[in-house]
Number of protein chains: 2
Amino acid sequence: MVRIAREKRHTLLKKRIEENPFINDEELAEEFSVSIATIRLDRMALGIPELRIRIKQRAQASLPQHHLVQVVGELVDCIVGKSALSILTATEDMVDSAHIVQSQFLYAQANSLTRAVLNLPVCITTVGNIKYKQPVTVGDKLVAKAEVIRQRDQKYYVWVTIRKKAKEVFRAKFIMESLE
Amino acid sequence: MVRIAREKRHTLLKKRIEENPFINDEELAEEFSVSIATIRLDRMALGIPELRIRIKQRAQASLPQHHLVQVVGELVDCIVGKSALSILTATEDMVDSAHIVQSQFLYAQANSLTRAVLNLPVCITTVGNIKYKQPVTVGDKLVAKAEVIRQRDQKYYVWVTIRKKAKEVFRAKFIMESLE
DNA sequence: CTTTGAATTATGACCAAGTACTAATAGTAC
DNA sequence: GTACTATTAGTACTTGGTCATAATTCAAAG
């Protein structure tokens, strides 16, 4: 049946292009043993843009992310001065060669959430203590909770725990200082 | 003098393209009030590739970064098991609204340098203590030095100090654990 | 076995953003 | 004015496509 062959080709094609966005129609045609015209019809049908557009999109996606450093992860709840929650899903680019998420990303999630919960115009992290209790890997959904424990003068003591499901995988204590 | 005008155009052109790599020769020609041919000669002289190549390079640069030990900053010296040095120049996207570099970037520099100096196939940061002593701003050249202080079984104790010129601005202590 | 209709392939015109090269012209320096 | 460089103009060719149309293949239905 031709129908099935085409549908199969469509899904394979999609996967192939996702896998290697730098492949052109000619190479695709060869790989799938069909004509270039067919590949183009397939791309149309699948709404996949041409090579140059694909490349451009990738290039643009990697451009100046100005708001990079608001909160690492998604801020889902925040009571300023009290507590806040953020969720971060670990991705491939956070891991080391052993596929374990590097501590700096957990640190970034924890510290940026701390800044969010304090919401001070100017504040710096003067002290940080972290404990990475359980290795985290790609795909893990990390829920961070920050709590403001104490305030003394310009100093704020904040505790953060990051959980993967019910399990605590990371914890941090920060002393933040507010400046004028 | 034509010479000066051209040299000036060259430096401006270079800057313009770095600023916006998605600009084509036609637009550049208009901006500089010269012909497209001139822009092309200029690009040749400066060794700047054509638009599509530039875009492609950007796209590729953002691709599979599965490096061995990625160090935040530039690794300038490394005696595995002993000590290592890296240099990071603070950029605009590291700062908060008060233009102070956020601690997570110093943490990332320190922690990634620690991984580099240990150079273990699999290792995780179990404990980290940091102190951010002096605010750092854009353009500051940060020199990080990591030293392996002690090793006990699978545990490594590493101290890192980050200096801005002679002044220590950040320090960190890590306990790293090697896994099989 | 022929017909039908979808799927595929072929073909040609066109486009963007170039390269590579040559020839002409403008501008200045001496 | 002549020399020389910088700039501009122009042509042919390339890649990796779009878009539209026509021709062909091929399996299933009548």
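Throughout, a chain's letter reflects where its sequence line sits, starting with A, and its residues are numbered from 1. Because only heavy atoms are used, hydrogens play no part in the values below, and waters and symmetry mates are left out as well, while side chains stay in. Just so we're clear, the structure is a prediction, and the values are computed from it rather than from any experiment.
Applying the ring-ring contact (aromatic ring centres under 6.0 Å, His included) definition to pairs two or more places apart or across chains, those involving residues 80-119 of chain A are Y107(A)-F174(A), Y107(A)-Y107(B).
Sparse packing is recorded around CD of E26(A), with 12 or fewer heavy atoms of other residues, nucleotides or ligands lying under 6.0 Å away. Annotation: K173(A), atom NZ; neighbour count of heavy atoms from other residues, nucleotides and ligands within 6.0 Å does not exceed 12.
In this structure, a donor-acceptor pair under 3.5 Å is present between the side chains of Q109(A) and S86(A).
Remark: P of dT5(D) and CG of D42(B) are 17 Å apart, rounded to the nearest angstrom. Rounded to a whole Å, the NE2 atom of H10(B) is 11 Å from the C1' atom of dT7(D). F32(A) places its CZ atom 17 Å from the C1' atom of dA7(C), with the value rounded to the nearest Å.
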Please enumerate all protein N or O atoms sitting under 3.5 Å from an N or O of nucleotides 8-10 of chain D, with distances to 0.1 Å.
from, atom 1, to, atom 2, distance (Å)
dT8(D), OP2, S35(B), N, 2.9
dT8(D), OP2, S35(B), OG, 3.2
dT8(D), OP2, T38(B), OG1, 2.4

Close N/O contacts between protein and nucleotides 16-18 of chain D (under 3.5 Å):
from, atom 1, to, atom 2, distance (Å)
dG16(D), O4', R52(A), NH2, 3.1
dG16(D), N2, R52(A), NH1, 3.2
dG16(D), N3, R52(A), NH1, 3.0
dG16(D), N3, R52(A), NH2, 3.2
dG17(D), OP1, L51(A), N, 2.8
dG17(D), OP2, D25(A), N, 3.0
dG17(D), O5', D25(A), OD2, 3.4
dT18(D), OP1, R43(A), NH1, 3.2
dT18(D), OP1, R43(A), NH2, 3.3
dT18(D), OP2, R43(A), NH2, 3.0

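Here the side chains of R54(A) and I48(A) are in contact, with some heavy-atom distance below 4.5 Å. For the pair K133(A) and V169(A), the minimum side-chain heavy-atom distance is 4.5 Å or more.
Checking the phosphate oxygens (OP1, OP2) of dT7(D), a side-chain nitrogen or oxygen of R9(B) falls inside 4.0 Å.
Looking at E18(B) and K15(B), no side-chain N of the basic residue comes within less than 4.0 Å of a carboxylate O on the acidic one, giving no salt bridge.
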Test log, rule side chain to side chain contact (heavy atoms under 4.5 Å, CB included), inputs M176(A) and T125(A): CA-CA 5 Å; M176(A) 309 294 287; T125(A) 307; 3.4 Å; yes

